[in-house]
Participant: 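The following block contains the structure, expressed as structure tokens.
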Protein chains: 2
Amino acid sequence: MASNSNNPMTEAEDRFVTAWGQMGSAWGISRTMAEVHALLYITGDALCTDDIMARLEISRGNASMSLRALVDWGIVLRTHKRGDRKEYFVAEQDIWTMARAIVRERLKREVEPLIASLHEIRDVSTKSGADSEAIEAHNARIENLVAIFELIELLVQRFVSPSGEGLEAAAMLLQPSGQRGSEREGDGAGEDRP
Amino acid sequence: MASNSNNPMTEAEDRFVTAWGQMGSAWGISRTMAEVHALLYITGDALCTDDIMARLEISRGNASMSLRALVDWGIVLRTHKRGDRKEYFVAEQDIWTMARAIVRERLKREVEPLIASLHEIRDVSTKSGADSEAIEAHNARIENLVAIFELIELLVQRFVSPSGEGLEAAAMLLQPSGQRGSEREGDGAGEDRP
DNA sequence: GGTTGTTTTCAGAAAATACTGAAAACCGTG
DNA sequence: CACGGTTTTCAGTATTTTCTGAAAACAACC
């Protein structure tokens, strides 16, 4: 991060960028990609590649690739400003939309392939015909995994993916009593700057 | 993986080890650690360090560290065999217990620190006193994140962590109609063979 | 306390990942 | 279709992460 201005605003942003970057890398997302997202989200502005390069002190190539990935993930959008040839990028500002996109994407990229593998494995060990006690046990374990991951897939699809509502409702529903204070998460972040 | 025996059982195991290892690394867990876990889970046996080294073709140091980490995560247990000085390791076989341990641990390691950071950031930007429109918007975004992550924390704690039941029930509850075929996930993995 | 079998640690090596920068591709314009 | 501004690509390099192996620490035993 470039800025060392003692502006508390900027400091808060930098801190957030760092924290989000760390979280990202703990979950198998490249630190920089997470940082770019953090920057776009926390500023809420439409930034161009050069803005991002400057603020994060990264190369053009890196910025370009990270942005493309974020766009693929569906949590950052391309925009333009009239009379300006450059491309600008904005982060999806609604938190729930963002959460949905992330979860949906990870499901698709990592869970679904796993389920596919489990199916194949099941076939391999089932087809073998033999059935000692050990093989039975093995098959049972695979079945269990298939079951749990298919369940996860189903839940995610129902609550995160399709129509739109879902997670919020579920969350509310599952969380009966008080306990939360000041927020207003319904509409999510809002602020659609022009 | 060492074994290239054309034994279909072994092949299925190897495939599972590979698939689980990949999934692990996609989620920020070292591939080897996930593979060790996969091996212990899928065989269901109590294996000693040398077994694991041999089967996975890894060094003693690596095996030792991975095992320790798995034990820390609470998804692998140390055992002993009478008259044998070596330590043996078994994977938790109940899938729900395992899932709970994993989620609980990740919450603790990655979500809680993030929430802490968000709180600090909130303080930084709130304390600054100023309140232009931009700052308001910034604060609102941080609030939203705090809200969503605290909600996640709460849900996870309620459904995954403490007493024991929870996820299963929730899962069932949230999944009203038919649609799933052959499995029997109710009791969870079960199979405590003697 | 010495011996032996076993596990842990950790500095350095190897492998995997991410990043850079410059060249190539793109693209609207004149 | 040549030109300036802009984005993408990718070979090479740098950084980070993971792994190894041998030495040190343990621990049961005699």
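Bear in mind the structure is a predicted one, so any value in this text is a computation, not a measurement. Side chains are part of it too, since the values below use all heavy atoms of this structure and drop only hydrogens, waters and symmetry mates. Letters go in sequence order (proteins before strands), and every chain restarts at 1.
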Participant: In whole angstroms, how far is the P atom of C/dC27 from the NE2 atom of A/His80?
Facilitator: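 The distance from NE2 of A/His80 to P of C/dC27 comes to 11 Å, rounded to the nearest Å.
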
Participant: For B/Arg68, does the CZ atom have more than 12 heavy-atom neighbours from other residues, nucleotides or ligands under 6.0 Å away?
Facilitator: no

Participant: What is the distance, rounded to the nearest whole Å, between atom CG of B/Leu56 and atom C1' of D/dC19?
Facilitator: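 Checked: the CG to C1' distance equals 13 Å.
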
Participant: Rounded to the nearest angstrom, tell me the gap between atom CZ in A/Arg31 and atom P in D/dT16.
Facilitator: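 My rounded result for the distance is 8 Å.
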
Participant: Which of the following nucleotides, C/dT17, D/dT20, D/dT6, is nearest to the side chain of A/Arg85?
Facilitator: D/dT6

Participant: Can A/Asp14 and A/Arg55 be counted as an ion pair, charged N to O under 4.0 angstrom?
Facilitator: yes

Participant: Return yes if some donor-acceptor pair links the side-chain N/O of B/Asp51 with the main-chain N/O of B/Leu47 below 3.5 Å, else return no.
Facilitator: no

Participant: Could you tell me how far apart A/Met53 (CE) and C/dC19 (P) are, to the nearest whole angstrom?
Facilitator: 14 Å

Participant: What is the distance, to the nearest angstrom, from the CE atom on B/Met65 to the C1' atom on C/dA11?
Facilitator: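 After rounding, the reported distance stands at 11 Å.
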
Participant: Which residue pairs pass the side chain to side chain donor-acceptor pair (under 3.5 Å) test when at least one of the two sits in residues 19-31 of chain B, sequence neighbours left out?
Facilitator: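 Side chain to side chain donor-acceptor pair (under 3.5 Å) check on residues 19-31 of chain B returns B/Trp20-B/His37, B/Ser25-B/Arg31.
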
Participant: Is the distance from OP1 or OP2 of C/dG21 to the nearest side-chain N or O of A/Ser59 less than 4.0 Å?
Facilitator: no

Participant: Ignoring hydrogens and geometry beyond distance, is a side-chain donor-acceptor pair present between B/Arg104 and B/Gln157 at under 3.5 Å?
Facilitator: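 The criterion, which ignores hydrogens and geometry beyond distance, is not satisfied for B/Gln157 and B/Arg104.
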
Participant: Return the value, rounded to whole Å, for the distance between atom CD1 of A/Ile29 and atom P of C/dC19.
Facilitator: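 Taking CD1 of A/Ile29 and P of C/dC19, I get 13 Å after rounding.
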
Participant: Between D/dT20, C/dC10, C/dC19, spot the one nearest the side chain of B/Ile58, thanks.
Facilitator: D/dT20

Participant: Is the distance from OP1 or OP2 of C/dT9 to the nearest side-chain N or O of B/Arg68 less than 4.0 Å?
Facilitator: yes

Participant: Quick one: is A/Ser64 getting a side-chain N or O under 4.0 Å of the D/dT8 phosphate, OP1 or OP2?
Facilitator: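 Checking A/Ser64 against D/dT8: at least one side-chain N or O falls below 4.0 Å of OP1 or OP2.
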
Participant: Closest to the B/Asp50 side chain: C/dT7, D/dT9, C/dT17?
Facilitator: C/dT7

Participant: Side chain of A/Thr32 only, please: which of D/dT20, C/dC10, C/dA18 is the nearest?
Facilitator: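 Comparing D/dT20, C/dC10, C/dA18 against the side chain of A/Thr32, the answer is C/dA18.
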
Participant: Can you work out whether A/Ser25 or A/Asn62 has the more 5'-proximal nearest nucleotide on DNA chain D?
Facilitator: A/Asn62

Participant: Rounded to whole Å, how long is the line connecting atom CZ of A/Arg60 with atom C1' of C/dA23?
Facilitator: 13 Å

Participant: Taking CE from B/Met33 and P from D/dC19, how many angstroms apart are they, rounded to a whole number?
Facilitator: 11 Å

